[in-house]
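Structure record follows, encoded as structure tokens.
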Amino acid sequence: MPAITPRPMSGFPELLPEQQLVFNRCLDIVRRTFERYGFTPIETPAVERKEVLTSKGGNEKEIYALSRLAAAPGESAETEFALHFDLTVPLARYVAQHKDKLVFPFRRYQIQKVWRGERPQSGRYRELYQCDIDVIGRGSVSLMADAEIPSVIYHLFREMDIGKFVVRINNRRLLQGFFDLAGVPAVCKTDVLRTVDAWEKIGRDAVAQALVNKIGLSETIAKQVLEFLASSRGKSTDEVLSDLRAQVADAQPTDASPGSDDFARGVHELQTVIAGMRSLGVPEEYFELDLSIARGLDYYTGTVYETRLVAHPDLGSICSGGRYDDLASYFTDEKLPGVGISIGLSRLVLRLLDAGVLKPGPATPAAVLVTTMDPSHMQDYLKIAAELRARGIATEVFLEKGRLGDQLKYASRKGFRFALIAGEAEFAAGQVKVKNLATAVESAVPREEVAPRLAEMVQS
RNA sequence: GUGCCCAUAGCUCAAUGGCAGAGCGCCUGACUGUGGCUCAGGAGGUUGAGGGUUCGAGACCGUCUGGGCACCCCA
């Protein structure tokens, strides 16, 4: 009997090799796309000081702290560190700490695991990968950065081949301005945004009820808010924009409704960002102006994004973010505005594997298995493998003893595309047999041409 | 933290309170120079744990542990 029975740890996903390869391919696409837009990588420690992590009023119950298993007498096993639960807080600390050495606008990407001490459920993990990009300015950041972000997302998910998706976009300033104009009390605006954000989940009627009963809006104002938020449904982007411009013209700024400035500015921002997205090549059918997108987090001040898979709305938002006025107010007095987005890659890839949208392939990164039918020729097998690797062909040599049948079985189970077979007969003839494992077709190749020929075959 | 549901072989699941099983997977052989297919065989279980009811519990009852789902929050 073994001393310890291995058990899965709920919320800490781990993958089989064929799944891990799919996951890593997605990671590669994310990284390549980020770099194609000039985002530069950074990595921060898995832990931060507790004071840093709790600075934004993060939910302390969901933060894992670091402690030692034992402490010397009189010492505490506690440490001042805890695991980061997102990458935004560490980024804020990092930028504030290094701002005099960084070049602004600072465009960084960060792909790391984060930890959340919550009860796991489907698609909710306690350890997960986040992939973040942000553009951070000193004092200001161009609105065109807001347009670049959805372009990155578009190209990234297209390459990942995960089916049709829609980046939904809105502007918080516009919403805030509208709320002012509609007479929503200032203290309620955050609550209204949060409630509105649940529209998709609980439906229009429930939102209406919550606005009146929980937040205390008057029936009239609640109705006005709801009608506005729903007014983008089923309309083209340009229709919504022209409706909004008409409303800007109607809204006369008064002391009673100071929001008209914000409203007008929000509409203008949205318009500018959408024009930028179009120039960057985001097709019309992959984005959507949706006035009901609010995002629950309160630090967003302008553009906000959410991305959904059309065929899998149950996944929720697979990628979301927005613009904020001040990234690091807890760590520096200097104003550092920015815009960014975060992809929850663990949720995305694991759920897509589960749903069969992404299909696991081979359980090996190698394309070729060199079989070793005749151990007395082991040195030849190793040389062939070295030649293949020198040409960049991922190659494994079957190093154990085994019948050829067993070696081919190993090859097909692991999903190699080609097996090289050579025994006494082939060596005598100066040849090597290349077997395509999918088609079972074998071809004899002169020994010295093996590497170039396979390079071609692996390509196609 | 609150509520609901679940726990039998590696996986998916059967078994009226009466001998713990099937399919898939895995291993071996048919096959010492050819994988997938087929056939034959094999391994694998303290029925999550420990109590109670009973002549008898995988099943019924309560306790613990683990897991899933919803709320909360968010990726």
Side-chain angles (χ1 to χ4, degrees), chain A residues 1 5-13 16 30 56-63 84-88 111-132 153 194-195 197-198 200-202 206 294-300 305-309 312 314-322 340-352 369 371-375 377 398 401-428 432-444:
Chain A
M1 272 289 271
T5 309
R7 287 178 302 136
M9 292 170 292
S10 174
F12 294 86
L16 293 172
V30 171
K56 277 203 165 143
N59 189 347
E60 296 196 20
K61 286 188 294 188
E62 296 196 352
I63 300 177
H84 57 210
F85 55 88
D86 75 1
L87 300 176
T88 305
I111 300 173
Q112 286 184 244
K113 278 182 175 173
V114 306
W115 292 268
R116 295 186 182 173
E118 64 181 346
R119 283 190 65 168
Q121 33 186 291
S122 144
R124 313 281 299 271
Y125 303 111
R126 296 196 279 200
E127 178 179 75
L128 58 124
Y129 269 99
Q130 278 205 330
C131 313
D132 278 29
I153 296 310
R194 193 174 287 256
T195 307
D197 195 48
E200 197 83 21
K201 202 178 204 170
I202 63 178
R295 305 299 309 141
L297 298 174
D298 52 5
Y299 54 83
Y300 292 125
Y305 321 94
E306 270 187 22
T307 307
R308 275 162 195 272
L309 292 183
H312 297 271
D314 52 303
L315 258 71
S317 176
I318 57 173
C319 168
S320 49
I341 203 157
S342 174
I343 307 171
L345 200 68
S346 299
R347 167 191 277 188
L348 179 64
V349 176
L350 268 54
R351 292 289 293 271
L352 291 180
L369 179 73
T371 61
T372 53
M373 190 163 52
D374 183 350
H377 280 285
F398 193 93
K401 289 198 190 91
R403 296 190 329 235
L404 183 59
D406 291 334
Q407 299 194 24
L408 288 172
K409 188 173 182 182
Y410 173 87
S412 60
R413 282 190 64 178
K414 282 186 73 170
F416 291 92
R417 289 170 60 200
F418 301 99
L420 295 195
I421 301 169
E424 218 33 77
E426 286 78 12
F427 284 115
V432 172
K433 271 196 212 159
V434 178
K435 178 162 189 164
N436 180 324
L437 288 162
T439 62
V441 174
E442 283 184 17
S443 48

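Just so it is clear, the model here is predicted, and its values are computed rather than measured.
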Base, sugar-phosphate alone, or nothing: which one does [X] contact when heavy atoms must sit under 4.0 Å apart?
| X | result |
| --- | --- |
| A/S317 | sugar-phosphate |
| A/S346 | nothing |
| A/E424 | base |
| A/G405 | sugar-phosphate |
| A/R116 | base |
| A/Y125 | base |
| A/A419 | nothing |
| A/L345 | nothing |

When the [atom1] atoms of [M] and [N] are compared, how many Å lie between them, rounded to an integer?
| N | M | atom1 | result |
| --- | --- | --- | --- |
| B/A75 | B/G67 | C1' | 22 Å |
| B/G33 | B/C24 | P | 31 Å |
| B/A59 | B/G21 | C1' | 15 Å |
| B/A49 | B/U8 | C1' | 15 Å |
| B/G44 | B/A9 | P | 15 Å |
| B/G50 | B/G58 | P | 13 Å |
| B/G1 | B/C72 | C1' | 9 Å |
| B/G45 | B/C11 | P | 13 Å |

Short side-chain N/O contact to B/A75 OP1/OP2 from A/S320, under 4.0 Å: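 Yes, within the criterion.
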Phosphate OP1/OP2 of B/C26 contacted by A/R413 side-chain N/O (<4.0 Å): yes
More than 12 heavy atoms of other groups within 6.0 Å of A/F418 CZ: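 Atom CZ in A/F418 is crowded, with more than 12 foreign heavy atoms closer than 6.0 Å.
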NZ/A/K414: more than 12 non-hydrogen atoms of other groups inside 6.0 Å: yes
Check: [X] side chain, [Y] main-chain N or O, donor-acceptor pair, under 3.5 Å:
| X | Y | value |
| --- | --- | --- |
| A/S346 | A/Y129 | yes |
| A/S412 | A/K409 | yes |
| A/T371 | A/M373 | no |
| A/Q407 | A/G402 | yes |

Which residues share a side chain to side chain donor-acceptor pair (under 3.5 Å) with A/D86, sequence neighbours left out: none
Lys/Arg N to Asp/Glu carboxylate O, A/R403 vs A/D406, below 4.0 Å: yes
Cationic N near anionic O, under 4.0 Å, A/R116 to A/E62: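 Result for this pair is no, no salt bridge flagged.
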For A/G321 against A/I341, the heavy-atom pair lying closest together: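 For A/G321 versus A/I341, the nearest heavy atoms are N-CG1, 3.7 Å.
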Centroid-centroid distance, A/F398 to A/Y410, less than 6.0 Å: yes
Selected nucleotide, minimal atom distance to A/R403 side chain, candidates B/G33, B/G35, B/U32: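 Among the listed nucleotides, the one closest to the side chain of A/R403 is B/U32.
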Options B/G33, B/G35, B/A75, nucleotide nearest the side-chain atoms of A/K433: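 The answer is B/G33, which lies nearest to the side chain.
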Check: B/U34 base within 3.5 Å donor-acceptor of A/K409 side chain: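 Checked by distance alone, the answer is no.
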Polar side-chain contact A/E426-B/G33 base: donor and acceptor under 3.5 Å: yes
What is the distance, rounded to the nearest whole Å, between atom [atom1] of [X] and atom [atom2] of [N]?
| X | N | atom1 | atom2 | answer |
| --- | --- | --- | --- | --- |
| A/L408 | B/U34 | CG | P | 9 Å |
| A/I318 | B/A75 | CD1 | C1' | 10 Å |
| A/L404 | B/G35 | CG | C1' | 9 Å |
| A/L369 | B/G36 | CG | P | 16 Å |
| A/Y305 | B/A75 | OH | C1' | 17 Å |
| A/H377 | B/G33 | NE2 | C1' | 13 Å |
| A/F416 | B/G35 | CZ | P | 17 Å |
| A/D406 | B/G36 | CG | P | 10 Å |

Contacts of type side-chain contact (heavy atoms from CB on, under 4.5 Å), residue A/R308, not counting sequence neighbours: A/R168, A/E200, A/E306
Are there any protein N/O atoms within less than 3.5 Å of an N/O atom in nucleotides 64-68 of chain B, and if so, which ones and at what distance?
{"unit_1": "B/G67", "atom_1": "OP1", "unit_2": "A/S10", "atom_2": "N", "d": "3.3"}
{"unit_1": "B/G68", "atom_1": "OP1", "unit_2": "A/S10", "atom_2": "OG", "d": "3.4"}
{"unit_1": "B/G68", "atom_1": "OP2", "unit_2": "A/S10", "atom_2": "OG", "d": "2.6"}

Would you be so kind as to tabulate the donor-acceptor pairs closer than 3.5 Å made by side chains of residues 419-426 of chain A, with sequence neighbours excluded?
{"unit_1": "A/E424", "atom_1": "OE1", "unit_2": "A/H377", "atom_2": "NE2", "d": "3.2"}
{"unit_1": "A/E426", "atom_1": "OE1", "unit_2": "A/G423", "atom_2": "N", "d": "2.8"}

Under the 3.5 Å Watson-Crick or G-U criterion, the dot-bracket string of RNA chain B, with | for inter-strand pairs: (((((((..((((....[..)))).(((((.......))))).....((.((..]....)).)))))))))....
Strand-adjacent residues in residues 434-443 of chain A, judged by heavy atoms under 4.0 Å from RNA chain B: A/K435, A/L437, A/A438, A/A440, A/E442
Between CZ on residue A/F12 and NZ on residue A/K113, distance to nearest 0.5 Å: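 Nearest 0.5 Å value for the CZ-NZ distance: 9.5 Å.
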